S.K.: 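I'd like to ask some things about the structure below.
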Amino acid sequence: MTATAHDASGQTPRRYGARELVDLVLDAGSFTSWDEPVDHGEVGDSYRDALRRAAEKSGEDESVLTGRGAVQGRPVAVLVGEFRFLGGSIGRAAAHRIVTAVRRATAEGLPLLASTASGGTRMQEGTPAFVTMIEISRAIMEHRRAGLPYLVHLRHPTTGGVFASWGSLGHVTVAEPGALIGFLGPSVYEGLHGEPFPEGVQRAEHLAQLGVIDRVVATEDLPQLVATSLAVLADPATEPRFERAPLTASPPEDDWEAVVTTRRGDRLGVRDLLAHAAAETITIRGTEKGEIDDSVLVALTRLDGLPCVVIGQDRARQSRTSPMGPAALRQAHRAMQLAEELGLPVVTVIDTPGAELSVDAEERAMAGEIARCIGRLATLEVPTLAVILGQGCGGGALALLAADEVLALENAWLAPLPPEGASLIVHGDVEHAADLARSQQVGAGAMARAGIVQGVVPEAGRSTEELARAVAAEVVGRLRSR
């Protein structure tokens, strides 16, 4: 479990102890310890000797230290594991310290950063220590229910009960390069099964690729990541910078023309919107359940100064060979839950040629995921706004449409199938696609007249940057007025 771990480049990253990490992440002189002297109670001589040696080796009285400090001036509470103290294992005294700190952070309204380094439950204390993971998890969830951010930084190694409880409950979860992260320690697996655990399965980089964690971050970059996260999750909105112009769009009279226009590769996409109109952006990836699909982008960001969660269909990541699958919508569902917990408005961006149509999509509950996204978005208690940026095709588009208000760009469109698919159903060929687009009233103008959208954003004469800022100004203006 303590074997040397390398990052993706093959180098051995520096591994920080608890005090070193506090000094690295928190503003100089801002840390105040919350730790009271520990009481391990009546223990046997061998365990008492082990505790004494651990204290001498680590310079700490337990495997975790807690307190409060600041990151770029923003207050934050911290839980930091110390692996040199009995492998960072969590016994009853350490668990009590963690629970006390989490509840204090909740009472004081502080965001919480946990940086783990642990082999799991302390074996010397057995079952009484094992079940304390429930109390820690309960305290963490109470913190989340209070609308307070919980950020998790997984260090090398984080395994066992720590990873299976408070190490996996973050709003945003990152890990240091090359870190060993897993439920079962490799040495335990090898001892039980008589063969090594496959190399690389429990490495941070592999878990990030699978969507189990959000990303791998060099420890030296952690202070900026925390600061950026808190800028979105904890800082108030600032005054908008972009001027909100009147909506005087002139959607094309021919809806087929709109369909053709939105299929151009140079159209405004969700990444352009973030690049030109957002700041302090943190993207979160994956479902946390071993799935990832980048056809939907989830960003915690400040859109023209307004903290929000953007859930956007990324047209550039969708194709016939890599369509938007069920995992993409599970990521969207995760983002909606996160937004509701943190009290952040939700902006959905619709731009899809359609959800995946395949045996695999059927077996992975595509229809159910569409339904669950519709149901969740329609009942969120935070402000919501949908933007039909370009193509709005089928159930994949409908999944992100059920917002309080809907905007559309003047060339955007929405239809139950691509016009070619509708033509096949009605006429048995694709030659009538243009006629179907016109007769089905798929364009922005028709949607506005039907009350499906509440505003149409002009496109003509605007550069990508100008259009991105115009969309942001209208979105933020409507959300601020709610």
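Since the structure is predicted, the reported quantities are computational estimates derived from the model, not experimental observations.
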S.K.: Going by side-chain hydrogen bond (donor to acceptor under 3.5 Å, both in side chains), name the residues that satisfy it together with Arg320, two or more places apart in sequence or in a different chain.
M.R.: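 If we apply the side-chain hydrogen bond (donor to acceptor under 3.5 Å, both in side chains) test to Arg320, skipping adjacent residues, there are no hits.
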S.K.: Report yes or no: do Thr173 and Asp214 form a side-chain donor-acceptor pair below 3.5 Å?
M.R.: no
S.K.: Taking the side chain as everything from C-beta on, heavy atoms only, tell me whether Val102 gets closer than 4.5 Å to Ile140.
M.R.: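 Result yes, sub-4.5 Å side-chain heavy-atom pair found.
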S.K.: With no hydrogens and no angle check, do the side chains of Thr281 and Arg302 hold a donor and an acceptor under 3.5 Å apart?
M.R.: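 There is no such pair (donor and acceptor under 3.5 Å, judged by atom type) between the side chains of Thr281 and Arg302.
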S.K.: Can you name the residues that form a side-chain contact (heavy atoms from CB on, under 4.5 Å) with Glu362, not counting sequence neighbours?
M.R.: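 In terms of side-chain contact (heavy atoms from CB on, under 4.5 Å), with neighbours along the sequence ignored, Glu362 is linked to no residue.
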S.K.: Return the set of residues passing side-chain hydrogen bond (donor to acceptor under 3.5 Å, both in side chains) with Thr228 (not counting sequence neighbours), or none when no residue passes.
M.R.: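 Testing Thr228 for side-chain hydrogen bond (donor to acceptor under 3.5 Å, both in side chains), a comparison that skips the adjacent residues, returns Gln224.
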S.K.: Do Arg469 and Glu243 sit within salt-bridge range, that is, some charged N less than 4.0 Å from a carboxylate O?
M.R.: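 No, this pair does not count.
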S.K.: When you check the side-chain N and O atoms of Gln318 and Ser295, is any donor under 3.5 Å from an acceptor?
M.R.: no
S.K.: Mind checking what makes side-chain hydrogen bond (donor to acceptor under 3.5 Å, both in side chains) contact with Thr121, not counting sequence neighbours?
M.R.: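 Partners of Thr121 by the side-chain hydrogen bond (donor to acceptor under 3.5 Å, both in side chains) criterion come out as none, since no residue qualifies.
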S.K.: Who are the side-chain contact (heavy atoms from CB on, under 4.5 Å) partners of Val43, not counting sequence neighbours?
M.R.: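 Result, side-chain contact (heavy atoms from CB on, under 4.5 Å) vs Val43: His40, Tyr47, Arg48.
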S.K.: Got a sec, which residues hit side-chain hydrogen bond (donor to acceptor under 3.5 Å, both in side chains) with Thr379, two or more places apart in sequence or on another chain?
M.R.: none
S.K.: Less than 4.5 Å apart, any side-chain heavy atom of Thr352 and any of Arg315?
M.R.: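 No - every pair of side-chain heavy atoms lies 4.5 Å or more apart.
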S.K.: Under the salt bridge (charged side-chain N to carboxylate O under 4.0 Å, His left out) rule, collect the residues that match up with Asp23, sequence neighbours excluded.
M.R.: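 With sequence neighbours excluded, Asp23 shows a salt bridge (charged side-chain N to carboxylate O under 4.0 Å, His left out) to no residue whatsoever.
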S.K.: List the residues meeting side-chain contact (heavy atoms from CB on, under 4.5 Å) with Ala95, not counting sequence neighbours, and say none if there are none.
M.R.: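 So Ala95 forms a side-chain contact (heavy atoms from CB on, under 4.5 Å) with Ile90, Thr132, Ile136.
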S.K.: My understanding is that only residues two or more places apart in sequence, or in another chain, count here; which of them pass salt bridge (charged side-chain N to carboxylate O under 4.0 Å, His left out) with Glu291?
M.R.: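 Per chain and number, Glu291 pairs via salt bridge (charged side-chain N to carboxylate O under 4.0 Å, His left out) with Arg330, Arg364.
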S.K.: With no hydrogens and no angle check, do the side chains of Thr321 and Ser319 hold a donor and an acceptor under 3.5 Å apart?
M.R.: yes
S.K.: Just to verify, what does Arg241 make a salt bridge (charged side-chain N to carboxylate O under 4.0 Å, His left out) with, not counting sequence neighbours?
M.R.: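 Scan of Arg241 (salt bridge (charged side-chain N to carboxylate O under 4.0 Å, His left out), adjacent residues dropped) gives none.
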S.K.: Spell out, as yes or no, whether a donor-acceptor pair under 3.5 Å connects the side chain of Arg271 to the backbone of Leu297.
M.R.: no
S.K.: For the residue pair Leu479 and Val476, establish whether any side-chain heavy-atom pair is separated by less than 4.5 Å.
M.R.: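 Leu479 does not reach Val476 side chain to side chain.
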S.K.: Between Arg97 and Glu36, is there a donor-acceptor pair closer than 3.5 Å when you use the side chain of the first and the backbone of the second?
M.R.: yes
S.K.: I'd like to check Leu21 versus His153 (side-chain heavy atoms, cut-off strictly below 4.5 Å). Are they in contact?
M.R.: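 In contact.
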S.K.: Salt bridge between Glu341 and Arg145, side-chain N to carboxylate O under 4.0 Å?
M.R.: no
S.K.: Of all residues at least two apart in sequence or in a different chain, which pass the side-chain contact (heavy atoms from CB on, under 4.5 Å) check with Arg478?
M.R.: Arg244, Leu247, Leu385, Glu405, Leu407, Gln454, Glu474
S.K.: Between Gln202 and Tyr189, do the side chains contain a donor N or O and an acceptor N or O under 3.5 Å apart?
M.R.: no
S.K.: Of all residues at least two apart in sequence or in a different chain, which pass the salt bridge (charged side-chain N to carboxylate O under 4.0 Å, His left out) check with Asp235?
M.R.: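 Salt bridge (charged side-chain N to carboxylate O under 4.0 Å, His left out) check on Asp235 returns Arg74.
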